[in-house]
Enquirer: 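I have a structure I would like to understand better, so I am pasting it below and will then ask my questions one at a time.
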Amino acid sequence: MGFLSSFLGILGFGIGIPIGLLIGFYLFVFSEPKDVEDPVVRPLSEMDTADLQDILPEIPLWVKNPNYDRVDWLNKFLLDMWPYLDKAICGTIRSTAQPMFAEYTGTFQIESIEFENMSLGTLPPTIHGLKVYETNEKELVMEPAIKWAGNPNIVLVLKIDVPQNHSSVSGPTNIRGATDNFETSCAYFSMFCKHCGIFDGEATRRFRNESTRRGYYVHIPGLYRFVQETIKKQVASLYLWPQTLEIPILDASTVAIKKPVGILHVKVVQAHKLLKMDLLGSSDPYVKLSLSGDRLPAKKTTIKKKNLNPVWNETFKLIVRDPQSQVLNVHVCDWDKVGAHDRLGSQVVPLKLLTPTEAKEFTLDLLKNTSISEPQNKKQRGQIVVELTYDPFKEDNEEFSGPLDSGYVRKESGIDRASGNESPGGAGLLLVTVHGAENVEGERHNNPYALILLRGEKKKSKMIRKTRDPLWNEEFQFMLEEPPVSDKIHIEVISKRTGIGFRTKESLGHVVINLADVVHNGRINQKYHLLDSKNGVVHVELRWKTI
């Protein structure tokens with residue numbers, strides 16, 4: 001009897017458990033609670049700052065900024081190249097940090113500082129969108145939306161090991177650099193002088209090191225999450241959209257764009273005994289001139305066919321921004337009908353060697369490369385003769401038009417002056433700064449850019465997509481042989497279709513400004529109503545500098 005009871009009990013337990021689990025599973029899956037309430041839905045305009053920050057990470061990037069494009073191809077490239085990029089980035093960090101560590105070695109009882117191990121891990125960053133601006137000044141402006149949750153292994157040895165085992169960064173950044181020569185932007189870091197970050201998603205950065213594993217606050221129930229959420233909110237208040245966090249890499253004074261201070265007159269006289277680059281024992285030389293730190297295209301002389309001792313006697317004008325640090329780059333090249341042009345030799349002339357308003361002639365021995373780190377060969381490359389004159393601008397006239405006027409100018413700018421008030425003579429530089437426009441609207445698209453015309457010369461700003469209030473803040477330079485007293489400058493705002501279709505361009509309005517006021521006052525800073533536009537306004541600043 002006891003055996004039968006035990007057998008039936010085990011059998012009932014074995015059958016009852018599966019049946020009970022099966023019934024419970026179906027009740028859990030198919031039963032619906034009756035007290036479910038509909039969620040409260042509120043428009044974004046009724047939410048406060050705290051609520052918006054909570055839902056902001058869930059809003060897709062194309063909703064917050066439709067100017068971003070998908071770049072899956074770039075992510076595939078990063079994935080394939082990440083092992084090599086990891087080594088290159090870590091090598092750059094080591095070489096950059098080593099001189100800084102050396103400054104503290106031996107002080108404050110520090111014996112040594114070095115990286116024992118450095119690796120960014122196996123997980124590359126992911127770009128969730130890329131915004132690119134179009135410019136005509138050989139400048140590339142990108143705004144990638146970067147997310148990186150990596151597994152880096154970085155060990156910095158001071159006196160104790162401080163390993164960083166986990167790091168997570170999320171959000172789009174703003175990166176700027178010149179495509180023609182990154183080294184001119186920053187002498188120590190070859191691409192960027194300042195990093196501008198604005199996070200459109202969850203702005204978090206998490207760290208976990210040895211101290212969290214050994215105890216401290218993470219073992220107190222509920223305190224660890226509270227600390228993490230508090231840090232996240234504080235970080236979000238610094239650079240969560242629309243806030244922007246700027247991290248300077250170099251001192252701003254060393255990378256700030258300086259205003260023009262004078263004009264350098266360069267006369268390319270002649271060259272002697274140049275190298276023979278052609279098969280017939282000759283060369284087709286020409287000269288390229290540029291100033292360091294200048295993003296404008298290089299000036300070029302004419303081509304002297306089959307001549308190893310060419311005579312040019314051609315004069316050029318270059319805009320000087322810092323005569324104490326800038327140098328004149330002189331490159332003699334051999335013109336080829338097919339393929340790249342060969343460089344016959346180069347040389348540099350520091351502008352600090354010049355005395356203002358005094359002409360000075362230089363006979364320069366051409367070198368293979370002007371870089372100090374590059375070894376020079378002993379082959380004779382010839383000589384070039386140049387004559388340089390630096391003319392600084394006169395002091396700015398204090399009778400400027402003052403701050404920005406509150407009113408707008410609808411028609412051409414002009415003031416009737418007495419005949420006895422003579423305009424300043426001599427060559428000079430006209431600086432045209434197009435700050436932006438307001439309320440410009442096209443019939444088919446709104447991708448505005450500014451077009452500036454003066455004496456047949458055209459300048460064009462970058463295009464900003466999908467906006468009625470573009471901000472360009474671009475400066476354009478016109479070098480003139482005489483004051484433009486009787487000239488007028490034409491500024492037109494044009495919208496350009498980004499896709500394929502008919503009528504790709506559309507005028508959004510224009511303005512014609514009389515330059516006589518700029519010559520007499522030295523500066524004009526005003527907003528002008530655009531002609532052929534209903535409410536469009538363009539903000540223009542004009543400066544006239546003479547030598």
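None of these values were measured; they are calculated from a predicted model.
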Enquirer: Charged N to carboxylate O below 4.0 Å: is that the case for E541 and R523?
Expert: yes
Enquirer: Do E314 and T302 pass the side-chain contact (heavy atoms from CB on, under 4.5 Å) test, and can you show the C-alpha distance, the side-chain angles, and the key distance before you say yes or no?
Expert: CA-CA 9 Å; E314 299 180 17; T302 57; 2.5 Å; yes
Enquirer: Within a radius of less than 6.0 Å around NZ of K299, do more than 12 heavy atoms belonging to other residues, nucleotides or ligands occur?
Expert: no
Enquirer: Between K360 and E358, is the closest basic N to carboxylate O distance under 4.0 Å?
Expert: no
Enquirer: Distance only, no hydrogens: is a donor on one side chain within 3.5 Å (strictly under) of an acceptor on the other, for H529 and N535?
Expert: no
Enquirer: Ignoring hydrogens and angles, state whether a donor on the side chain of E474 or T433 is under 3.5 Å from an acceptor on the partner side chain.
Expert: no
Enquirer: On the six-membered ring of F316, is K267 placed so that its NZ or CZ lies under 6.0 angstrom from the centre and within 45° of the ring axis?
Expert: no
Enquirer: Decide whether D334 and H341 meet the rule of one side-chain donor and one side-chain acceptor closer than 3.5 Å.
Expert: no
Enquirer: Taking L366's backbone N and O only, do any of them form a donor-acceptor pair with Q347's side chain (distance below 3.5 Å, no angle check)?
Expert: no
Enquirer: I'd like to know if E438 pairs up with K527 as an ion pair, taking the criterion as any Lys NZ or Arg NE/NH1/NH2 lying under 4.0 Å from an Asp or Glu carboxylate oxygen.
Expert: yes
Enquirer: Looking at E481, I'd like to know if its CD atom is crowded, meaning that more than 12 non-hydrogen atoms belonging to other residues, nucleotides or ligands lie closer than 6.0 Å.
Expert: no
Enquirer: Can D284 and K304 be counted as an ion pair, charged N to O under 4.0 angstrom?
Expert: no
Enquirer: Please evaluate residues R455 and L480 with respect to the criterion side-chain contact (heavy atoms from CB on, under 4.5 Å), reporting the C-alpha separation (whole Å), side-chain torsions for both, the decisive distance (0.1 Å), and the verdict.
Expert: CA-CA 10 Å; R455 293 185 177 180; L480 306 176; 3.7 Å; yes
